[in-house]
Amino acid sequence: MENDASPGSRDGSAEEVLRGLEADRTALAGRMAAPGWIHVAFALVAAGYVLLPVFDDGVRDGLLPFLLVAVLALLWYQRSVTGIRAGAVGAAAWGVFLVTVVAILALVSVSFALVASLSPWWAAVPAVVCFVVALSANRWFERLSREHVRRGR
Amino acid sequence: MAGDGTSGAGGPVGAVSGFDDTIHAPVRLRISGILRHVEQIDFAVLRDTLGVADATLSKHLKVLVDAGYATTAKSRSATRADARRLTWISQTPAGRDAFDAHVEELRRIAVGAEAGPTARDEA
């Protein structure tokens with residue numbers, strides 16, 4: 001049975017098998033790419049979060065859960081569409097994620113300050129910056145995750 | 001079938017540390033290699049990544065599941081309008097350990113091949 005041949009039946013074939021596993025990892029990494037619009041959607045949600053200071057407390061309390069649900073729905077859809085739920089993505093990718101979260105929180109603070117000191121319209125500036133940061137970071141995170149899988153840790 | 005009793009080191013499989021008869025077969029080794037780097041993967045994506053037929057993948061997955069090296073779970077599909085469900089496949093901790101040990105053994109053999117038969121004989 002061809003599929004049951006011994007992969008390590010000779011020293012040379014052990015190397016071939018290891019190379020084959022590497023090729024499979026490369027193929028897997030290629031399939032981990034999410035559709036481009038999902039990155040945009042994640043960035044829009046992040047920008048929406050930065051726009052929260054524009055709204056009254058009541059509206060803000062209603063929008064916050066909506067944004068969180070939107071993130072969860074996008075994550076679920078992304079995994080469902082790619083057919084892959086990534087395991088370990090590597091320290092570099094998590095580093096990007098952490099820095100992005102800190103940057104978004106900082107931009108929310110800036111947004112609060114601008115709305116309080118100038119006008120609600122000024123919140124659009126950090127929101128646009130947040131959109132660009134989140135979009136770039138999301139793509140970067142995915143690239144690093146795929147590279148991590150390709151290298152096999 | 002897997003585990004024909006021979007190994008790359010020239011001795012019986014069971015005598016070589018790390019070699020696993022269940023993972024030994026190329027398709028199962030490749031399945032394990034993919035599962036090692038994901039939390040879960042859809043059956044169709046795994047099939048396409050490996051470039052094998054549904055029946056082939058099912059057959060080898062069953063062996064891995066029966067050995068306790070993999071598990072399967074069904075869930076709704078986000079892209080299908082009908083009632084068909086996705087089959088998610090994941091590796092168990094035992095499967096991960098077995099795969100790691102098997103690959104380590106393959107690396108040892110590959111390094112042995114580079115060093116040449118004399119070096120291995122002396123070892």
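The shortest side-chain heavy-atom distance between A:L18 and B:R107 falls under the 4.5 Å cut-off. With a 4.5 Å cut-off on side-chain heavy atoms, B:P26 and A:V17 do not count as touching. Contact annotation: the side chain of B:I41 approaches that of A:L28 to within less than 4.5 Å [non-hydrogen atoms, C-beta and beyond].
Taken from CZ in A:R85 to CD in B:E39, the straight-line distance is 7.5 Å, to the nearest 0.5 Å.
Only the side chain of A:L21 comes within contact range of chain B, with heavy atoms under 4.5 Å apart.
Residues of residues 104-137 of chain A placed with any heavy atom under 4.5 Å of a heavy atom in chain B are absent; none qualify. Contact annotation for residues 56-63 of chain A against chain B (heavy-atom separation below 4.5 Å): no residues qualify.
For CZ of A:F42, the number of neighbouring non-hydrogen atoms (other residues, nucleotides, ligands) closer than 6.0 Å is greater than 12.
Linking Ile, Leu, Val, Met, Phe, Trp and Tyr whenever their side-chain heavy atoms come within less than 4.5 Å leaves A:V69 and A:W76 in two separate clusters. Hydrophobic clustering (ILVMFWY, side-chain heavy atoms < 4.5 Å, transitive): A:L44 and A:Y77 are in distinct clusters. One hydrophobic cluster holds both A:F141 and A:I38 under the rule that ILVMFWY side chains link at heavy-atom gaps under 4.5 Å. A:V81 and A:V45 fall within a single hydrophobic cluster, where Ile, Leu, Val, Met, Phe, Trp and Tyr side chains are chained together by heavy-atom contacts under 4.5 Å. The hydrophobic cluster containing A:Y49 also contains A:F66, counting ILVMFWY residues as joined when their side-chain heavy atoms lie under 4.5 angstrom apart, directly or transitively.
Across all non-hydrogen atoms, the minimal contact from B:D48 to A:R31 is CB-NH2, 3.3 Å. Here the shortest heavy-atom pairing between B:I34 and A:D24 reads CD1-O, 3.5 Å. Here the shortest heavy-atom pairing between A:T82 and B:V45 reads O-CG2, 3.4 Å. Of all non-hydrogen atoms in B:W88 and A:R79, the two that sit nearest each other are CH2-O, 3.3 Å.
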